[in-house]
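Reading through the structure tokens given below for one structure.
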Amino acid sequence: MTTAWYWHIKPNNYQFPLWQIILISWGIALFEYCLAVPANHLGAHWGIKPFQLKIIQEVVTLVVFTLFAILYLKDEFRLNYLISFGFILGAVYFAFKR
């Protein structure tokens with residue numbers, strides 16, 4: 001969903017009217033859902049609990065968003081973001097701890 005939600009905020013992408021941005025974003029989102037839904041289905045089939053699936057999804061989203069923001073949007077990555085991600089990884093640890 002990262003691309004569907006954020007591709008249009010890059011500087012110089014303001015030439016598109018809002019209705020086109022919406023249609024393009026919906027097309028991208030459809031493709032991304034075609035990947036996410038089977039991944040969740042398989043994860044559940046393999047015995048991963050729903051809360052664990054959601055936490056995995058959030059970690060993947062953060063990694064993808066970080067790369068997207070740095071490489072595509074040309075935004076800077078700061079130390080406080082790294083520390084925040086460290087706390088999120090701590091949450092992943094506790095979610096999978098038995």
Side-chain angles (χ1 to χ4, degrees):
M1 295 309 294
T2 298
T3 305
W5 289 356
Y6 298 104
W7 70 271
H8 56 89
I9 65 171
K10 182 177 181 177
N12 301 325
N13 275 357
Y14 297 112
Q15 72 270 15
F16 294 105
L18 187 56
W19 68 270
Q20 285 182 347
I21 291 171
I22 292 168
L23 289 177
I24 293 167
S25 292
W26 273 81
I28 295 168
L30 176 64
F31 172 73
E32 291 177 345
Y33 271 118
C34 288
L35 298 175
V37 171
N40 282 332
H41 183 76
L42 288 173
H45 180 71
W46 295 333
I48 301 173
K49 298 182 183 304
F51 282 107
Q52 293 171 329
L53 285 170
K54 181 61 179 172
I55 290 168
I56 292 169
Q57 175 194 359
E58 294 303 326
V59 169
V60 170
T61 299
L62 280 174
V63 170
V64 169
F65 180 81
T66 299
L67 294 172
F68 184 84
I70 292 169
L71 299 175
Y72 181 76
L73 297 175
K74 306 295 185 207
D75 202 5
E76 65 175 308
F77 189 77
R78 300 185 336 207
L79 179 61
N80 60 325
Y81 302 149
L82 183 63
I83 293 168
S84 300
F85 290 173
F87 282 114
I88 291 169
L89 288 177
V92 171
Y93 169 78
F94 286 109
F96 283 88
K97 187 174 177 12
R98 297 187 188 261

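All heavy atoms count here, side chains included; hydrogens, waters and symmetry mates do not.
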Between atom [atom1] of [X] and atom [atom2] of [Y], what is the distance when rounded to the nearest 0.5 Å?
{"X": "Glu58", "Y": "Leu53", "atom1": "CD", "atom2": "CG", "result": "12.0 Å"}
{"X": "Ile56", "Y": "Asn40", "atom1": "CD1", "atom2": "CG", "result": "9.0 Å"}
{"X": "Trp26", "Y": "Ile21", "atom1": "CH2", "atom2": "CD1", "result": "15.5 Å"}
{"X": "Ile70", "Y": "Tyr81", "atom1": "CD1", "atom2": "OH", "result": "10.0 Å"}
{"X": "Leu62", "Y": "Leu89", "atom1": "CG", "atom2": "CG", "result": "8.5 Å"}
{"X": "Ile88", "Y": "Ile83", "atom1": "CD1", "atom2": "CD1", "result": "12.5 Å"}

**Message:** Would you say that more than 12 heavy atoms from the other residues, nucleotides or ligands in this model lie under 6.0 Å from the OH of Tyr33, or not?
**Reply:** no
**Prompt:** Would one find more than 12 heavy atoms of other residues, nucleotides or ligands at under 6.0 Å from atom CZ of Phe77?
**Reply:** yes
Can [Y] be reached from [X] by stepping across I, L, V, M, F, W or Y side chains whose heavy atoms are under 4.5 Å apart?
{"X": "Leu82", "Y": "Phe87", "value": "yes"}
{"X": "Ile9", "Y": "Trp5", "value": "yes"}
{"X": "Leu73", "Y": "Ile28", "value": "yes"}
{"X": "Val64", "Y": "Ile55", "value": "yes"}

**Asked** Heavy atoms, side chains only, cut-off 4.5 Å: are Trp19 and Leu23 in contact?
**Response** yes
**pair Phe85-Thr66: side-chain heavy atoms closer than 4.5 Å** = yes
**Prompt:** Do you know which of Tyr72, Phe68, Phe16 makes ring pair (Phe, Tyr, Trp, His ring centres under 6.0 Å) with Trp7?
**Reply:** Phe16
**Prompt:** Do you know the tightest heavy-atom contact between Ala29 and Ala4?
**Reply:** N-CB, 3.8 Å
**Request:** Identify the two heavy atoms, one from Ile48 and one from Gln52, that lie closest to each other, and give their separation to 0.1 Å.
**Result:** CG2-CB, 3.6 Å
